[in-house]
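In what follows, every heavy atom counts, from backbone to side chain, and hydrogens, waters and symmetry copies are set aside. Reminder, nothing fancy here: chain letters follow the sequence lines and each chain counts from 1.
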Amino acid sequence: MTLSEHKEFPVDSSSLKEIRSFAREVLAKDPMFQNSMDDVVLALAEAAQNIVKHAYSGQPTGDKMMVKIKFENNQLTIELFDKGSPAIPQNIKPRKLDDIKAGGLGTFFIGQIMDEVIFKTSATDWVNHLVLKKNY
Amino acid sequence: MSYKITEEGNVATVHLDGEIDMDVTEKAKEVIMPLIEAGKEVHLNLKEVQYMDSSGISVLIESHQKAAELGNKVILKEISKSVLKVIMMAKLEQILIIE
């Protein structure tokens, strides 16, 4: 089975629930994702949260972000696009596990769940383009 | 997210319900922190929490740390399967108090 769906959401923390619902709805179309759905939804939601929190510093905006979910050749690809401040990949680090603090966990979760995390410079109207891949 | 608080002696139990993400963490802190600051032993019942992300985990860490600072504790009770999975992914099951 192949999948390819995308949707835009307002850049706001109130969109996170809607983004999770969208992902669950798309992933529910293939029973292959049944066991990993919660993890994949968490990874996507953490990435979306990072856009709200870091690309826009939590500031209100009228901008939207786009989420694309694609599955082909046994690989799930989730792409997030936004127009916030350009991400500096070298500065995005998960927290160390023995450092018990609140920050950096989201990036750690994404790395635990997904097989590949790629920051791209978008050639389109978007500024940031994050690609998350998971092999099945 | 919704919540209910019950108190018995010095123990305040907060029953959280729903999904805990960045959008509701401030509300969760507003509920939990004053109880800790009032010197209560806080029990967080997470039976009805279906989803928790890193922001929710941050609330658990901050609550645990604040209580420890004040010589008290926050105990996590009846953790739902999905929340426990996230706590374990963060390797916090040895740090947070779970019963």
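- B:Ser54 and A:Gly106 get closest at one heavy-atom pair: CB-N, 3.6 Å.
- Considering NZ of A:Lys17 and CD of B:Glu19, their distance stands at 5.0 Å, rounded to 0.5 Å.
- Tracing side-chain contacts under 4.5 Å through hydrophobic residues (I, L, V, M, F, W, Y), one reaches B:Met88 starting from B:Val59; they form part of the same cluster.
- The minimum heavy-atom distance linking A:Phe108 with B:Met89 is given by the pair CE2-O, 3.1 Å.
- No chain of hydrophobic side-chain contacts below 4.5 Å, direct or via other Ile, Leu, Val, Met, Phe, Trp or Tyr residues, connects A:Phe119 to A:Val131.
- By the neighbour-count criterion of 12 heavy atoms within 6.0 Å, atom NZ of A:Lys29 is densely surrounded, having more than that number from other residues, nucleotides or ligands.
- Both the backbone and the side chain of B:Val86 come within contact range of chain A, with heavy atoms under 4.5 Å apart.
- Pairing each heavy atom of A:Arg20 with each of B:Tyr51, the nearest pair is CD-CZ, 3.2 Å.
- When A:Asp12, A:Asp39, A:Asp38 are compared by the number of non-hydrogen pairs under 4.5 Å with chain B, A:Asp39 comes out ahead.
- Counting non-hydrogen atoms of neighbouring residues, nucleotides and ligands closer than 6.0 angstrom, the NZ atom of B:Lys73 reaches no more than 12 such neighbours.
- Cluster membership for B:Leu70 and B:Val74, using ILVMFWY side-chain heavy atoms within less than 4.5 angstrom, is shared.
- Atom CD of A:Glu25 sits in a sparse spot, with 12 or fewer heavy atoms from other residues, nucleotides or ligands closer than 6.0 Å.
- Contact detail for B:Ile57 and A:Leu105: the closest heavy-atom pair is CG2-CD1, 3.3 Å.
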